[in-house]
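Being a predicted model, the structure only gives us computed values, none of them experimental. Chain naming here is simple, since letters A, B, ... match the order of the sequence lines and numbering starts at 1 in each.
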Number of protein chains: 2
Amino acid sequence: MPRKPRVRSGSGVTMHDVAKAAGVSAITVSRVLNQPQQVSEPLREKVMQAVDALGYVPSRSASTLASARSRTVLVLIPSLANTVFLETLAGIETVLDAAGYQMLIGNSHYDAGQEFQLLRAYLQHRPDGVLITGLSHAEPFERILSQHALPAVYMMDLADDGRCCVGFSQEEAGAAITRHLLSRGKRRIGFLGAQLDERVMKRLDGYRAALDAAGCRDAGLEWLDPQPSSMQMGADMLDAALAARPDCDALFCCNDDLAIGALARSQELGIAVPERLAIAGFNDLQPAAWCTPTLTTVATPRRDIGVHAARALLRLIDGEEPESRRADLGFRLMLRRSS
Amino acid sequence: MPRKPRVRSGSGVTMHDVAKAAGVSAITVSRVLNQPQQVSEPLREKVMQAVDALGYVPSRSASTLASARSRTVLVLIPSLANTVFLETLAGIETVLDAAGYQMLIGNSHYDAGQEFQLLRAYLQHRPDGVLITGLSHAEPFERILSQHALPAVYMMDLADDGRCCVGFSQEEAGAAITRHLLSRGKRRIGFLGAQLDERVMKRLDGYRAALDAAGCRDAGLEWLDPQPSSMQMGADMLDAALAARPDCDALFCCNDDLAIGALARSQELGIAVPERLAIAGFNDLQPAAWCTPTLTTVATPRRDIGVHAARALLRLIDGEEPESRRADLGFRLMLRRSS
DNA sequence: TTGTAAGCGTTATCAC
DNA sequence: GTGATAACGCTTACAA
């Protein structure tokens, strides 16, 4: 004795409806959609006509449930407000789209605790893999990853413990731009840092190493603020830095936002850049090439990181080895007028 | 006779496992997770302990399939490379997160055809509703929306046909900034436009209306390029504009990127801004307050648009009426040194 | 307040 | 090459 039918999702057209309309069985419809070569030409045509005629849209939930594959990838980023991660997302998108995968975006707000919660929450969707920003994560985060045997690729930095990663050496980049300032004759080079996430701290390490090597490191020239960075903050930090150390002759800012704010304030104060004070940023965002004076900075291959990371993840998901488990995409110094 | 068991998704723990561990039935576990107040205190505790002990993560696919609700919202934006939409996403995220909804992000690349394909593709996830950027869409796009009876909220602009929308009048904003330039004594005010999407064209309409009202509209002062905008393009367009019309005494750029590029080029060329040439942008992105000279522009409430649109959509999904079917969040003129 | 049975729409398995 | 049948993990409807 049949019961009251339930509410249907979507427009209500199911694979069975298509099958009936085409005069075949449901499984044949499934094959036409997923492994067309296994179905004979005439049946394939009939089925496709029925699909179009009925406006049939397959249900991902049903497919995921039945096949234990969601064709979905979770992307964990620390912020939606930072162009750097957006361009990475854009790169990821091109690859996943082409492969028929869709991405779920999780924003951790630079918080390891939230990142863990996000992972747990998104696990409900049974993603086939995860793209992760950065290498350091909460202990339960890593544990849950391995518990669920989730293929993962780490982005933006280079791991040395066998985890699959795509990025560049944040430390080496920090050292390289610092050496550039040294090569310009600067000796009292300061560091402005905000947010203080993992990558900023590595750039700081690189800066310190370069100055140590040159014998002119000075701990009193480091200004660090855990708040999110902004141009306003760059301006404020410049004021604080010059008040404390008027002898400072160069500044490496941990990102372009800080640098542009510092640059603008220097202009206001009539400080000669780069003669009296050289300024360098990090990331090479668009405004770096258009501020006054133009900003010396480090160009980072964030879009490519997204592309390569997504490709590597798809291979892991398919049980293959990625081309490289540790892809170093490098960085480029963009030498402009501010140094 | 039982068959070979299938592969399990996730870590393999199901609601039945939890039920067994807690000595209750599966439906009770479901209730503890979804309507806790319907379950007695002691049972609730036992179940929660079992959930934690087993590390159980519910399957969204199974839930969606059984309940015909995905607790998922599709967000359609024209670009992932534009800060404006990111901030909108961030606003949406706060509201959806709090309500236990997750968002699927579809990037149409400013292409109505792709937008339609995206909608079709994401329909596989059976989203409970859609947040849409802009008012103009392909005909099949609107058709599919109504076929599937999908609750929808349109963002960024104001509709006059009863569609639920959250935004501000792009046209009025374009007119307002133009009137400001008029009030500064400018009379040969040019327009620089890129991308030429719906919103840019409405700003252009507003610009034209304001100049018509003042009796000084001049069709020779409009420069339009369908390519995506960039600071480089702003610089190039400034060159072209001044070459064609050296008498031009102000420029309204359709967004801040163009304006900042034009501003930077003006500085290079030694053109006095705003005396000889005033420049205004649109959106008030962060660099607008930090370029030289600072940029006059229109501040748009994009984050709030996201927040309000998401709230309205959740109400529609629940079958209630939103607070307003046409929420005008306004805009603000940011008058700075470039005018 | 709790449980039973059926069914959501698809795919894996096995048979023809 | 095609089809019948049984899962997949959960929630609805209904009963106790």
Between atom CG in A/Leu65 and atom P in D/dA6, what is the gap in whole Å? 17 Å
I want to check one thing: is the phosphate of C/dG3, taken as OP1 and OP2, less than 4.0 Å away from some side-chain N or O of B/Ser25? yes
Is there a side-chain contact between A/Thr28 and the phosphate of D/dT2, meaning an N or O under 4.0 Å from OP1 or OP2? no
Closest nucleotide among C/dT10, D/dT11, C/dT2 to the B/Val39 side chain: C/dT2
Distance check: side-chain N/O of B/Ser67 vs OP1/OP2 of D/dT11, anything under 4.0 Å? no
Lys/Arg N to Asp/Glu carboxylate O, B/Arg303 vs B/Glu87, below 4.0 Å: no
Rounded to whole Å, how long is the line connecting atom CZ of A/Arg31 with atom C1' of C/dT13? 10 Å
Grab the CZ-P distance between A/Arg126 and D/dG9 for me, whole Å please. 8 Å
OP1 or OP2 of C/dT2 under 4.0 Å from side-chain N/O of B/Ser40: yes
Nearest listed nucleotide, side chain of A/Pro58, among D/dG3, C/dT10, D/dT11: C/dT10
Distance in angstrom units between A/His16 NE2 and D/dA6 P, rounded: 13 Å
Classify the nucleic acid contact of A/Arg60 as base, sugar-phosphate or nothing, counting any heavy atom under 4.0 Å across all strands shown. nothing
If each of B/Ile27 and B/Ala62 is mapped to the nucleotide of DNA chain C with the nearest heavy atom, which maps nearer the 5' terminus, i.e. the 5' end? B/Ile27
Return the value, rounded to whole Å, for the distance between atom OH of A/Tyr56 and atom P of C/dG9. 10 Å
Here the distance between atom P of C/dT2 and atom CG of B/Leu33, to the nearest Å, is 15 Å
Measure the distance from CD on A/Gln35 to C1' on D/dT2 and round it to the nearest whole Å. 13 Å
When the distance from CD of B/Gln38 to C1' of C/dG3 is rounded to whole Å, what number comes out? 13 Å
Find out whether the Lys NZ or Arg CZ of B/Arg163 is both under 6.0 angstrom from the six-membered ring centre of B/Tyr154 and within 45° of the ring's axis. yes
Ignoring hydrogens, what is the shortest heavy-atom contact between A/Glu142 and A/Leu135? Give both atom names and the distance. OE2-O, 4.1 Å
Tightest non-hydrogen contact, residues B/Cys165 and B/Asp157, listed as CB-O, 3.7 Å
So with a 6.0 Å cut-off around CD of B/Glu320, is the heavy-atom count from everything else above 12? yes
Tell me whether the OP1 or OP2 atom of C/dT11 has a side-chain N or O from A/Ser63 closer than 4.0 Å. yes
